[in-house]
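Structure first, then comments.
Residue numbers start from 1 in every chain, and the chains themselves are labelled A, B, ... in the order their sequence lines are given, proteins ahead of strands.
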Protein chains: 2
Amino acid sequence: MLIADLSVREQILETANRLFYEQGYNLTGINQIIEEAGVAKASLYYHFPSKEDLCVEYLKKRYKNWSTLLQRFLANVEDPKERIIKSFECRSKYLVDTHFGGCSYTRIIAEMPQRSVKINDQVIANKEKQRMFFIEQIKKMKGTRTVAVSDLANAIFLLFDGATMQCQVYRDLHPMKNALKAVKMLL
Amino acid sequence: MLIADLSVREQILETANRLFYEQGYNLTGINQIIEEAGVAKASLYYHFPSKEDLCVEYLKKRYKNWSTLLQRFLANVEDPKERIIKSFECRSKYLVDTHFGGCSYTRIIAEMPQRSVKINDQVIANKEKQRMFFIEQIKKMKGTRTVAVSDLANAIFLLFDGATMQCQVYRDLHPMKNALKAVKMLL
DNA sequence: AAAAACTCAGACAAACTTGTCTACCTGACT
DNA sequence: AGTCAGGTAGACAAGTTTGTCTGAGTTTTT
């Protein structure tokens with residue numbers, strides 16, 4: 001589990017990333033994190049003022065990892081429509097790789113009805129970045145659009161997000177396939 | 001908080017329903033439930049073998065309540081297309097009434113990565129019933145369909161479910177409005 | 001009348017929770 | 001030589017968690 005050559009801070013964050021996502025935020029204790037990260041408790045609280053702050057960094061990391069994966073998938077793909085389709089395929093791979101863990105942002109929200117401002121803002125920021133990806137692609141698309149750019153992008157984003165969640169629930173890729181079919185209907 | 005004339009079992013379930021949804025399943029303790037329900041701990045464990053079993057009953061109750069609300073919304077609405085649109089409006093009302101609590105089934109899944117079989121089965125059953133509603137409406141729709149019934153119904157279900165989740169995240173109805181726009185594009 | 005179902009209050013076990021604090025150590029920079 | 005960033009181990013506080021159990025009392029059914 002321990003990854004060599006990682007600073008203590010990175011070791012903590014990497015371990016928290018794994019445990020928060022695999023077990024859930026509320027079910028993961030600070031003690032388990034420091035134990036599995038192989039660091040002292042004071043070290044955790046030296047780098048992260050609280051579990052809540054660690055959660056915010058976790059959310060940032062999740063977005064960074066997703067973004068990296070997506071960029072790899074989209075390298076050499078120019079056509080906007082093709083980029084949208086590829087992003088759904090990227091999501092499918094992500095879901096399989098994570099054993100259908102679903103969207104980490106959504107899950108954090110679901111776990112914390114009494115959302116803190118910090119966590120709320122980070123989740124919204126991450127979601128908005130995902131939404132903007134679709135906005136950008138639709139904007140780039142040629143052809144006279146009969147519907148507004150944002151309406152189409154938002155619809156695709158809803159399908160993307162909805163399918164991610166349903167894949168988690170059903171532990172199967174079929175919702176993502178259905179979402180892709182719907183996207184093709186809309187485009 | 002206490003509702004008169006309810007049996008002890010119903011009092012417990014009603015309180016659990018409120019607390020699980022408002023605070024989350026993991027953050028709601030048995031002790032809080034019995035305290036707010038005004039019953040003894042032994043009474044809870046007499047009616048529900050475990051917190052997990054209580055959760056299953058909670059999920060059943062949530063579906064029953066949603067189903068009742070939906071039926072009230074759809075009374076006197078015959079046209080399948082209109083019934084679909086009304087179901088989205090019903091969801092909007094539901095979300096506002098629950099202060100954007102989102103979908104209880106989804107949230108339970110999000111909170112419990114190590115899903116028990118009982119809970120998993122109940123969530124799937126509830127979700128499938130919701131999906132079947134859309135299947136039924138599409139089936140009833142006249143006109144030569146260029147796409148398969150299930151593909152269209154699944155797309156609408158994805159939008160419905162995705163919008164419910166996004167409304168929870170954004171604490172706003174705009175995703176549901178976007179979903180409805182998308183549905184109208186598809187129909 | 002007897003039995004069964006239901007309800008109460010609360011102690012108890014054995015664990016876990018976040019965060020603080022003491023006390024110490026190492027290495028780098030000024 | 002001195003300061004400070006970064007690290008160790010672990011005790012501690014004050015609370016929480018689910019579930020069991022004792023022991024009693026009431027209500028309903030047979």
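Evaluation of atom-type donor-acceptor distances gives a pair under 3.5 Å for the side chain of K41(B) against the base of dG19(D).
The CD atom of E52(A) sits 18 Å away from the P atom of dT17(C) (whole-angstrom rounding). One atom, CG of L27(A), and another, P of dA15(C), lie 19 Å apart when rounded to the nearest Å. Summarising the geometry, the separation between CD1 on I30(B) and P on dT20(D) is reported as 11 Å, rounded to the nearest angstrom. Distance, H47(B) NE2 to dC6(C) P: 6 Å, rounded to whole Å. Between the CD atom of E35(A) and the P atom of dA9(D) there is a distance of 11 Å, given to the nearest Å. Rounded to an integer number of Å, the gap from CD of Q32(A) to P of dA15(C) is 16 Å. One can place CG of L44(B) at 17 Å from P of dG10(C), the figure rounded to the nearest angstrom. Atom CD in E10(B) sits about 11 Å away from atom P in dT7(C), given to the nearest Å.
At least one cation-pi condition fails for K184(A) and F88(A): the charged atom is not both under 6.0 angstrom from the six-membered ring centre and inside a 45 degree cone around its axis. Geometric assessment of R62(A) against the ring of Y105(A) yields a negative cation-pi assignment under the 6.0 Å and 45° thresholds. A cation-pi geometry, defined here as NZ or CZ lying under 6.0 Å from the six-membered ring centre and within 45° of its normal, holds between K51(A) and Y25(A).
Here the side chain of K51(B) is nearest to one of dT18(C), dT18(D), dA9(C), namely dT18(D). Of all nucleotides listed (dT7(C), dT8(D), dC8(C)), dT7(C) comes nearest to the side chain of Y46(B). With dA9(C), dG7(D), dG19(C) as the candidates, the nucleotide lying closest to the side chain of A40(B) is dA9(C). Of the candidate nucleotides dT8(D), dT17(D), dC6(C), dT17(D) has the atom nearest to the side chain of N31(B).
Of the two residues near DNA chain C, G29(A) and A42(B), the one whose nearest nucleotide lies more 5' is A42(B).
No hydrogens or angles considered: a donor-acceptor pair under 3.5 Å links the side chains of N126(B) and Q122(B).
Note on S43(A): a side-chain N or O is less than 4.0 Å away from OP1 or OP2 of dT8(D).
Partner of R115(A) under the side-chain contact (heavy atoms from CB on, under 4.5 Å) criterion, chosen from I109(A), D121(A), V123(A): I109(A).
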